[in-house]
Amino acid sequence: MFSRIPGQLRKSSREEVFMTREKYEPVRIQSRWQKKWEADGLYHAQEDDPHPKFYALTMLPYTSGDLHMGHWYAMAPSDARARYLRMKGYNVMFPPGFDAFGLPAENAAINHHIHPYKWTMDNVARMRGQLRTMGAMWDWPREAVTCDPAYYKWTQWFFLKFWEHGLAYRAMAPVDWCPHCKTVLAREQVLEGDRTCERCHTPVVKKDLEQWFFRITNYADELLDFSRIQWPDRVRTMQTNWIGRSEGVEFDLSIEGSPKKIRVFTTRPDTVFGMSFAVLAPEHPFVHEFTAPEHRAEVEDYEYKARRLAEIDRLSAEREREGVFIGAYALNPVNGERVPLYIADYVLMNYGTGAIMGVPAHDERDYDFARRQHLPIPTVIAPANWDGQPLPEAYTGQGTMVNSGKFSGLPSPQGWQAIADEMEHLGIGERKVNYRLHDWLISRQRYWGAPIPMVYCDHCGLVPVPEEQLPVLLPEDAEFLPTGDSPLKLHQGFLSTTCPRCGGPGRRETDTMDTFMCSSWYHMRYTSPGYDKGPIDPQRGRYWLPVDQYTGGIEHAVMHLLYTRFFTKACRDIGILDHDEPMLRLFNQGTILGEDGEKMSKSRGNVVNPDDLVNSLGADTTRAYLMFIGPWDAGGPWNTHGIEGVHRFLQRVWDVVTRPVRAIAGIPTDEQVASLRRITHKTIRRVTDDIEAFRFNTMIAALMEFNNYLIKAKETPVVLTDAWSEAVRALLLMLAPIAPHLGEELWERLGGPYSIHQQSWPEWDEAAAADELLTVVLQVNGRVRDRLSIPVGLGEEQVRELAMNSPKVQHFVADQSIVKIVYVPGKLLNVVAR
RNA sequence: GCCGAAGUGGCGGAACGGUAUACGCGGCGGUCUCAAAAACCGCUGGGGGUAGCCCUGUGUGGGUUCGAAUCCCACCUUCGGCACCA
């Protein structure tokens, strides 16, 4: 009985402490502010704002079903920076949207009998809800969903404009067909190496089909010019390699006993005297005509093998270079020499002319081939100090021309030009630039995409659908059968139409457009929501475009990011836009991995669900942890304990602001105040530099250090000063872009005006941030021996004197003589003794 | 094979050519508690010493420099991209 009393007392005093210390309840706080922000339209950017505009954009997500951690990793830091720029005084637009066309929706229709529209829009609804929980400054009224007829109407409109301006065309071409997806793919969508479909990893097969193309190659040279944009070197290199520009000469080889000539392309006209054979691609159209009867069987056998290989796999560049002689001879135009003609699969039909001159001494592939076929390997470019002996391997560098008729003795770069001139002069060839880049294949044999607005008429041929008849709608009652044929092909109502030109019977194009078409211009549409006279309202478009800061993954380097640049340049030439590049600055974030360091995937069971975290630790902690985990461009593994550390940090910020100040006796010293102001202003400087440079991890580390200081300072009399309020306000303002809900909540509790997200970013005062005492490191022969605390501005002489008086310095110098003293003002002094 | 990026504590990662390991996690010790959890405080690269301290240490080996994680050369490893483009 008696002993229970102290216990009860203790219990009640603990309750008292509990009452005075309010808990940080992130889930409650976030839903409160998300509702208020949305109701207030806090993030809806207007064009009549006096501040300079800033268009911040993060790559739009595909409507796969759920917002996963990868989306958060891409979007949360991007949002934080958009918020920061807003506080810096920009009129920031940060719009959301969905890439909503594509095969998964159609596969769901075939497998689960859900209409692609329903499947997609259900996903959009779910993802919208999840996006809202991030607490990002999404400008919802600008949202675009690419499968919405109000959107794809304009995708079709762009197609018509490209058609009108000769940038869209239909052609028969050998294309890559995915037997699983039952559609053709763009070259970019075929994984090189194993030649599989990038989506389902089924080996693709070659088919000759009539397809729709965009003339992106018209812009090849302009796409190589990155001078107007600040994009990462990595992306620029990848695009440059993909475009693959090479300068050379195209010339004719006469064929013995035939009036026909074959054209070859070379980047090394300076080596033309070294040709000892010529090669045609196995698919070259002249092969049959030139093949001698006694070689026919062998040639056909080889063609068959080559075709099979081309379809299945052509794994390696190291494969033996094989080929067969076709029994014909070509004549070298510069010296009349007769050289045997081969077919070999190392020559590709879809690059250059599909035929080459074989110069084994100066090309590694030709060298291998010549060795196998026992062909001569004449040297025509002499390396420095060449001994006149046959080369042990192909020499591909520059040198002095030899055995090259009147060109012998010339340095090879000069010979290159001289021979090119000569061929042009004699009319047998001319300079030519070749590209690896091909025209963009945009047609797909699927339902779930924007229909290509063209009509086939027996009388008029190909006729574009008139603008006023757009959109060509996808029929809602299409049947989704696992036949492999596009549902549009089987839908009479869609298929049959009247010819817009003659009014006679017409048949609609059933191909739909590549989804990269939709994503090539979505950033334009965000500027003009609801505009119905065109894809972009000229005034609003001019105000917002181009995008100032784009962020997204590197995986789109040669697809989306190249297409959208092409799109912008084409629109400029058509007169729709007046700028050259869609996005001025680009930042590529890395990939967030599972705790095991592997890519997050359901099959690995290492998926971290953001929804669970939002409902437990809160959106702010999740956002902050993703930014704290490491450099944003590096990505990295998730760590369950790591996020708890970030949560503790936010909890301690909460405590610093909300806990009642304890009764503290005494008045603060000048030094206490100065030191608080110093760390405040130093932190503002650090944090500002970091967020400018996308260094969110060190930015948060700086805020943690600052908060740790404030926790201790709160126990001292400085807590009663203006410097303290300045510090706490700065802390919240700097935290607001990272943890927008916590920032807003605490800002309100401090009595700050709504909203913290409309306040100015704090500025630092260099004078307040300046140190009064500096630590000078004393080294002897480059090794740290002592430290000196000196007042700012102490002259070198005095520092030297203090240093030489240091017992430790003296000990390590001992009886050696001092050779020199290096002094880095205010930082370090190194005594060199020997 | 070619091109590019990167290798730092037990872990994620910090460090304008100038105090290596900030910040966080984990671990150890402590306070509080009947106890535990939470929270808070302290310690925490390795080796040596009772201690003041000393030695050593940023993938490996060299070099430049008063001084190198940082710059240069070679090599090893990892990750990306490209891979017959004439």
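Each chain gets a letter, A, B and so on, in the order its sequence line appears, and its residues count up from 1. Computed from a predicted model, the values in this text were never measured in an experiment.
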Aromatic ring pairing A/Phe694/A/Phe587, orientation class (parallel under 30°, perpendicular over 60°, tilted between):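 Because their plane-to-plane angle is under 30°, the rings of A/Phe694 and A/Phe587 count as parallel.
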
Relative to each other, are the rings of A/Tyr563 and A/Trp440 parallel, tilted or perpendicular (30° and 60° limits)?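 Parallel.
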
Rounded off to whole Å, could you give me the [atom1]-to-[atom2] distance for the [X] and [N] pair?
X	N	atom1	atom2	result
A/Phe265	B/C84	CZ	C1'	15 Å
A/Asn697	B/A22	CG	C1'	11 Å
A/Arg268	B/A86	CZ	P	12 Å

So, A/Ser246 and A/Tyr351: side-chain donor and acceptor under 3.5 Å apart, yes or no?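 There is such a pair between these side chains.
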
Could you tell me how far [M] sits from [N] if I compare only their [atom1] atoms? Round to whole Å.
N	M	atom1	value
B/G67	B/A74	C1'	24 Å
B/G62	B/G80	P	32 Å
B/A69	B/G45	C1'	15 Å
B/G63	B/G29	C1'	46 Å
B/C11	B/G17	P	27 Å
B/C54	B/U70	P	25 Å
B/U58	B/U8	C1'	4 Å
B/A5	B/C71	P	11 Å

If anything within 90° of 0 is syn and all else is anti, what is B/G9?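 Chi for B/G9 falls in the syn range.
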
Determine, for [X] against [Y], whether the closest basic-nitrogen to carboxylate-oxygen distance falls under 4.0 angstrom.
X	Y	value
A/Arg685	A/Glu766	yes
A/Asp596	A/Arg604	no
A/Arg263	A/Glu430	yes

How would you label the contact of [X] with the nucleic acid (heavy atoms, under 4.0 Å): base, sugar-phosphate, or nothing?
X	result
A/Val824	base
A/Arg787	base
A/Arg245	nothing
A/Ile356	base
A/Asp366	nothing
A/Glu364	nothing
A/Phe812	sugar-phosphate
A/Asn830	base

Would you indicate which nucleotide in [options] comes nearest to any side-chain atom of [X]?
X	options	answer
A/Thr775	B/U56, B/U19, B/A86	B/U19
A/Arg436	B/C66, B/U19, B/A83	B/A83
A/Ser246	B/C16, B/A86, B/A20	B/A86
A/Val347	B/G13, B/G18, B/A86	B/A86

Does the Lys NZ or Arg CZ of A/Arg785 fall within the cation-pi geometry relative to A/Phe812 - under 6.0 Å from the ring centre and within 45° of the axis?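 Yes - A/Arg785 lies over the ring of A/Phe812, closer than 6.0 Å to its centre and within 45° of its axis.
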
Closer than 3.5 angstrom, by distance alone: can the side chain of [X] be matched with the main-chain N or O of [Y] as a donor-acceptor pair?
X	Y	result
A/Arg623	A/Ile738	yes
A/Asp363	A/Asp366	yes
A/Tyr625	A/Asp620	no

Would you say [N] has OP1 or OP2 under 4.0 Å from some side-chain N or O of [X]?
X	N	answer
A/Thr237	B/G81	no
A/Lys827	B/G18	no
A/Arg234	B/A6	no

Close aromatic pair by centroid cut-off 6.0 Å: A/Phe649 and A/Phe628: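 Judged by ring-centre distance (under 6.0 Å), A/Phe649 and A/Phe628 do not meet the cut-off.
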
Structure string for RNA chain B in dot-bracket form, Watson-Crick and G-U at under 3.5 Å, | interchain: (((((((..(((.....[....)))((((((.......))))))((((....))))..(((((..]....))))))))))))....

Heavy-atom contacts, protein to nucleotides 23-28 of chain B, under 4.0 Å, summarised as B (base), S (sugar-phosphate only) or - (none) per nt, yield BSSS--

